[in-house]
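Data block below; observations after.
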Amino acid sequence: MTVEHVTMAAPAEIASGRPVRAGLILFALLAGAAVIGALAIGPFTIAPGRVLTILWAALTGDAAPGVALRERIVVLDVRLPRAVVGALTGAGTAVAGAVMQGVFRNPLADPGLVGVAPGAALAAVAFVVFGAPLAMLLPAPLQALGLPLAAFAGGLGTTLVIARLAARDGRTQVATLLFAGLALGALASAGTGVMVFLASEQQTREFLFWTLGSLGGATWLKAALAAPFVLGLLVASVFLARGLDALALGEAEAFHAGVSVERLKRGAVIAVAAGVGASVAATGVVGFIGLVVPHLARLVVGPSHRVLLPASALLGVAVLLGADILARMIAAPAELPLGVVTALVGAPFFLWLLLRRRAFVG
Amino acid sequence: MMGMNMYRADNVSVAAGGRLLVEGASLAVQPGRVTVLVGPNGAGKSTLLKAMSGEHRLSSGRVTLDGVVITHLSPLALARRRAVLPQAAEVAFPFTAGEVIAAGLMAPDGRDGARIARLLGEVDLSGFAQRRYDSLSGGERQRVQLARILAQLELTRADAPSYLFLDEPTASLDLAHQLTVLRLARAHADKGGGVLAVLHDLNLAAMVADEIVVLAQGRIRAAGPAGEVIREEVLEAAFGVRVRVGIMPPGPFVLPQNVHWAG
């Protein structure tokens, strides 16, 4: 036994032998690079150094020397809100995926499984078709909020119904939660299909935003609406991490180790529903991030949620903003829906994971 | 006061699927003592252990720790006083052995690498901290889990005795490691803790137990020191086979080749 090794390495790394610290630093650098890239890249490219100058000037309130007003406007008013909404959605969706995988004790779980995403999408398209009169009831400055609020309520509501269905004798049965989630998700998707029939052509185009996701409509208002719920999920994940680690050992084992398993599961589902509901309200449904990002993070920092959750948040920012850069560049000047890009990259990756997993199992 | 400073079941019954699995069982696990549950398959041994650990709901009776009904304690408060070795534990993600131990510890200093390395050494798994749990054999996993619950109890209050619950701890172990587990159980009792174990092997039971409790068809049929309980008529009534019990210092033993086929 090498005593030096034991005393010098970080505690997490002794238990795991994984490059936890290096992995977190790597993901943080990737997230930072993606943010700078999201601000720099576009039809009007601005050098990363200038982006940093503009950001620094905006932060300190100084004048930025040698920066054109046009560059300032593009970075601060056009691309920054988009990057912030993207970062919130990326971090929120990825952490939600990691938390759901922990609750289901299954690395193939996804936030979509508890009905958040399909429920939110259905509520959004229903609002597009039927909601205009409802929006009139709101005071004028809040009318723009009708749609995201409907999406949020739809996501949370679907999840609560599913959680209710899965509760028996005061305990949440994970298998029932899974099947109820699949059933209600399918039902919500069918409902979205019905809406497509009822919708006008113009409305159908708007549906694309909700079902395939996009950062195109990002505004500071949307960022401000999503931020409290996504940040709430990130903060909650800090408190959930220890319990999720124990839950990986089994439900009975987690209880024996001192975890209030029921409280953990309920807290996790509600935090995920709120975070994902708010994300979908801001950007529509962006698939595969919640499934693939935690996997990638796990490959580097290992499955312990205490490091996996922050790693997923950072990598989620990097992957979502990276996908958005691709979505803007591939068919420029047109934009591909973000969900199309994440699915194009995510689905083959997911298949590869499945095959790799099968090779492991036997 | 009654029931102070011990972990006890009073008149406990457990029902599942309309059937009584355990009926009116009373027993006390005391600090400094090893209590072993024996009995035929389906006798309710594991069910009784799960009822006492808080995992199973009771249909009647009560389980108390130092006089306090355990359902009145938070899972965390209970976990500070008792740890449970599961029968066969699958872990959901590709954890290493060291991560499995850390994962079960709710205490903030649970990830102390030196402690994890030392506890793995105690279960004869030195140097296994970074091995993948899902690549280990059944017996090795069992011992990682044992190291995990020993760690859990090490991080608990030092001022009150802690209780170790072992559900068939020797099931997938070779002889040497069966003895390792029982030695650790014995050591826990000798340090002032209490141990409740389900064992199949009557000889191991007789060797390690201060008290043996015989269960059959959900009821406690006999309880006491090995010398009083490992007797031919008790075993025949409980297991439905006639065996011959020999006595050799320090205690009784049962040899399979002495079996008389019943009937």
Side-chain angles (χ1 to χ4, degrees), chain A residues 1-3 5-18 20 98 101-109 169-171 174 241-264 294-295 298-299 302-308 357 360-361, chain B residues 50 53-57 74-118 120-121 126-127 129-135 145 148-149 151-152 155-156 165:
Chain A
M1 200 65 246
T2 55
V3 177
H5 178 73
V6 167
T7 48
M8 283 171 65
E13 305 196 352
I14 297 163
S16 68
R18 299 179 210 267
V20 170
Q101 289 161 17
V103 168
F104 286 108
R105 306 183 65 235
N106 188 330
L108 302 181
D169 298 339
R171 294 191 188 194
V174 167
R242 220 180 268 281
L244 289 174
D245 276 357
L247 196 60
L249 306 173
E251 287 204 16
E253 285 72 16
F255 164 70
H256 290 146
V259 177
S260 306
V261 175
E262 225 15 73
R263 261 177 54 191
L264 174 75
H295 265 284
R298 211 177 273 120
L299 288 179
S304 173
H305 292 86
R306 288 171 248 199
V307 289
L308 176 66
R357 191 175 145 80
F360 256 115
V361 174
Chain B
K50 283 178 177 150
S53 75
E55 181 183 340
H56 251 315
R57 281 190 195 183
S74 72
L76 192 58
L78 191 54
R80 292 208 178 101
R81 299 289 308 280
R82 73 93 186 81
V84 183
L85 181 71
Q87 258 192 24
E90 290 286 325
V91 172
F93 298 102
F95 281 90
T96 63
E99 285 172 330
V100 165
I101 295 174
L105 302 176
M106 295 298 110
D109 55 346
R111 308 173 83 192
D112 176 353
R115 179 198 310 278
I116 288 171
R118 175 174 52 74
L120 281 170
S126 289
Q130 302 184 0
R131 291 273 293 275
R132 280 269 298 267
Y133 181 83
D134 55 9
S135 73
Q145 294 284 353
R148 173 174 74 75
I149 65 168
Q152 180 185 331
L155 292 170
T156 62
F165 285 18

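In what follows, chains are A, B, ... by sequence order, proteins preceding strands, each numbered from 1.
Between chain B and the options A:Gly250, A:Ser260, A:Gly302, heavy-atom pairs under 4.5 Å are most frequent for A:Ser260. Interface summary for chain A: among B:Ala103, B:Ser74, B:Ser135, the most heavy-atom pairs under 4.5 angstrom belong to B:Ala103. Counting heavy-atom pairs closer than 4.5 Å to chain A, the top-ranked of the candidates B:Ala83, B:Pro86, B:Pro94 is B:Pro94. The candidate with the highest count of non-hydrogen atom pairs below 4.5 Å against chain B, out of A:Leu247, A:Val259, A:Leu244, A:Val261, is A:Val259.
Side-chain contact of B:Arg80 with B:Gln152: a donor-acceptor pair under 3.5 Å is absent, judged by distance alone. Between the side chains of B:Gln145 and B:Tyr133, at least one donor N or O lies within less than 3.5 Å of an accepting N or O.
In this structure, the separation between CG on B:Asp134 and CZ on B:Phe95 is 11.0 Å, given to the nearest 0.5 Å. Note that CG of B:Leu105 and CD1 of B:Ile149 are 11.5 Å apart. Values are rounded to the nearest 0.5 Å.
Under the 4.0 Å criterion applied to side-chain N and carboxylate O atoms, A:Arg105 and A:Glu251 are not assigned as salt-bridge partners.
Looking at B:Arg82, the atoms closer than 4.5 Å to chain A (heavy atoms on both sides) sit in the backbone and in the side chain alike.
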